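Keep in mind that the numbers below use all heavy atoms, side chains included, and drop hydrogens, waters and symmetry copies. Because the structure is a prediction, the values reported are computed rather than measured. Numbers here are sequence positions counted from 1.
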Amino acid sequence: MAFVTLSILEGLERGRVFRNLQPPITIGREEINDVQLNDERISRLHAKLQDDHGNIIFTDLNSTNGSRVNGHPVQLHVMRPGDHLQLGRCTLLYGSAEEISERARSLGVHVTDLLPISRTFTRPDVPAPTSEFSQPAIPAATDHLPASLFCGECPPLPELLTPIQRARLADLLMYASETLMQIVLTSAQTDCTPPTIAIDWARFQNLLKLQKDLAHWIRETSNPHLDEHDL
């Protein structure tokens, strides 16, 4: 059984640390939750964390305003030490200082490389973080792009799939790989300084379609019981 540490970085409970929480853990606005957050933008029962063979799975419980991990909207996500969980106006850091440091050592990176806010691409006038666990001011959404959800760490393939599940997963990955390969092979370097890559318009439309398909698959995977008209 994995135990969970959550540190509140932003919100009315800023500075509070929940240590050694035992899953399943509910997060929300009401007192019945294991982690109560006083924020009207957070649903009464907003999300939960549950253990699956030592992995902590985050699930948004169809909250009104949704959930984000490292700046990305998520419905379902395998949590990793250093992840920032954003619910309403609250930001929670997942993992203890020891767990985050250990993950950084295993990846061969500095601790700050795991903290997504410090990896956000912002304007030059946005101040940098002053310590390992501090956050810079966050500019308007149009002024920054979220950093990688996975910090360059490739998620493992699922195990114990049935033959048909393995075949369907393989087909989806091959479809994505084929679309990307066609775009790469038909792109060309321009004479600009610095050099840029030009992509055929039709191939670029294929890339946008692939992005749409991926969004559909992510939503369908996270919400397997949605009606067809909701997908």
Side-chain angles (χ1 to χ4, degrees), residues 1-10 18-19 21 23 25 27 47-60 66-87 91-122 128-129 131-136 138 144-161 165-166 168-170 172-177 179-181 183-184 207 210-211 213-222:
M1 171 68 70
F3 291 91
V4 171
T5 297
L6 294 172
S7 304
I8 303 180
L9 303 181
E10 295 293 341
F18 294 85
R19 295 184 175 88
L21 295 173
I25 302 159
I27 306 173
K48 69 177 178 180
L49 295 167
Q50 55 193 12
D51 178 272
D52 187 354
H53 297 88
N55 298 299
I56 299 299
I57 312 298
F58 171 84
T59 304
D60 182 279
S67 304
R68 291 177 178 266
V69 174
N70 302 345
H72 296 260
V74 299
Q75 182 76 25
L76 198 65
H77 179 69
V78 180
M79 299 296 292
R80 296 168 178 83
D83 280 347
H84 280 57
L85 178 57
Q86 294 148 320
L87 313 175
T91 299
L92 292 77
L93 175 66
Y94 174 80
S96 65
E98 294 77 14
E99 289 171 332
I100 296 172
S101 297
E102 177 57 32
R103 182 181 174 217
R105 282 193 295 269
S106 68
L107 295 176
V109 299
H110 193 267
V111 168
T112 54
D113 294 327
L114 294 182
L115 302 183
I117 301 301
S118 66
R119 295 184 288 111
T120 299
F121 300 103
T122 61
S131 67
E132 286 190 349
F133 297 103
S134 64
Q135 300 182 80
I138 301 176
H144 80 288
L145 294 174
S148 168
L149 179 60
F150 303 102
C151 191
E153 184 181 6
C154 182
L157 286 170
E159 299 178 349
L160 303 178
L161 298 178
Q165 289 173 332
R166 293 177 64 88
R168 286 176 174 169
L169 176 60
L172 288 173
L173 294 175
M174 285 299 296
Y175 169 77
S177 175
T179 303
L180 293 173
M181 184 58 67
I183 294 169
V184 171
L207 181 60
L210 176 60
Q211 185 180 30
D213 289 338
L214 289 171
H216 171 86
W217 299 333
I218 291 170
R219 179 170 170 79
E220 189 172 8
T221 301
S222 302

Considering all heavy atoms, the nearest [X]-[Y] contact:
| X | Y | value |
| --- | --- | --- |
| Val74 | Asp60 | O-CB, 4.0 Å |
| Val78 | Asp83 | O-OD2, 4.2 Å |
| Ser101 | Val111 | OG-CG2, 3.9 Å |

At what distance, to the nearest 0.5 angstrom, does [atom1] of [X] lie from [atom2] of [Y]?
| X | Y | atom1 | atom2 | value |
| --- | --- | --- | --- | --- |
| Phe18 | Ile27 | CZ | CD1 | 9.0 Å |
| Ser67 | His72 | OG | NE2 | 14.5 Å |
| Glu159 | Arg166 | CD | CZ | 9.5 Å |
| Arg68 | His77 | CZ | NE2 | 14.0 Å |
| Thr5 | Glu99 | OG1 | CD | 5.5 Å |
| His53 | Leu160 | NE2 | CG | 7.5 Å |

**OP:** Report the residue from Leu85, Leu93, Leu92 that forms a side chain to side chain contact (heavy atoms under 4.5 Å, CB included) with Leu9.
**Re:** Leu93
Less than 4.5 Å apart, side chain to side chain, heavy atoms only: is that true for [X] and [Y]?
| X | Y | value |
| --- | --- | --- |
| Leu49 | Pro23 | no |
| Arg80 | Pro155 | yes |
| Ile57 | Leu76 | yes |

Ignoring hydrogens and geometry, is there a side-chain-to-backbone donor-acceptor pair from [X] to [Y] under 3.5 Å?
| X | Y | result |
| --- | --- | --- |
| Asn70 | His84 | yes |
| Ser177 | Leu173 | no |
| Gln75 | Arg219 | no |

**OP:** Start with the C-alpha gap between Asp213 and Tyr175, add the side-chain angles, then the distance that decides, and say whether side chain to side chain contact (heavy atoms under 4.5 Å, CB included) holds.
**Re:** CA-CA 10 Å; Asp213 289 338; Tyr175 169 77; 2.8 Å; yes
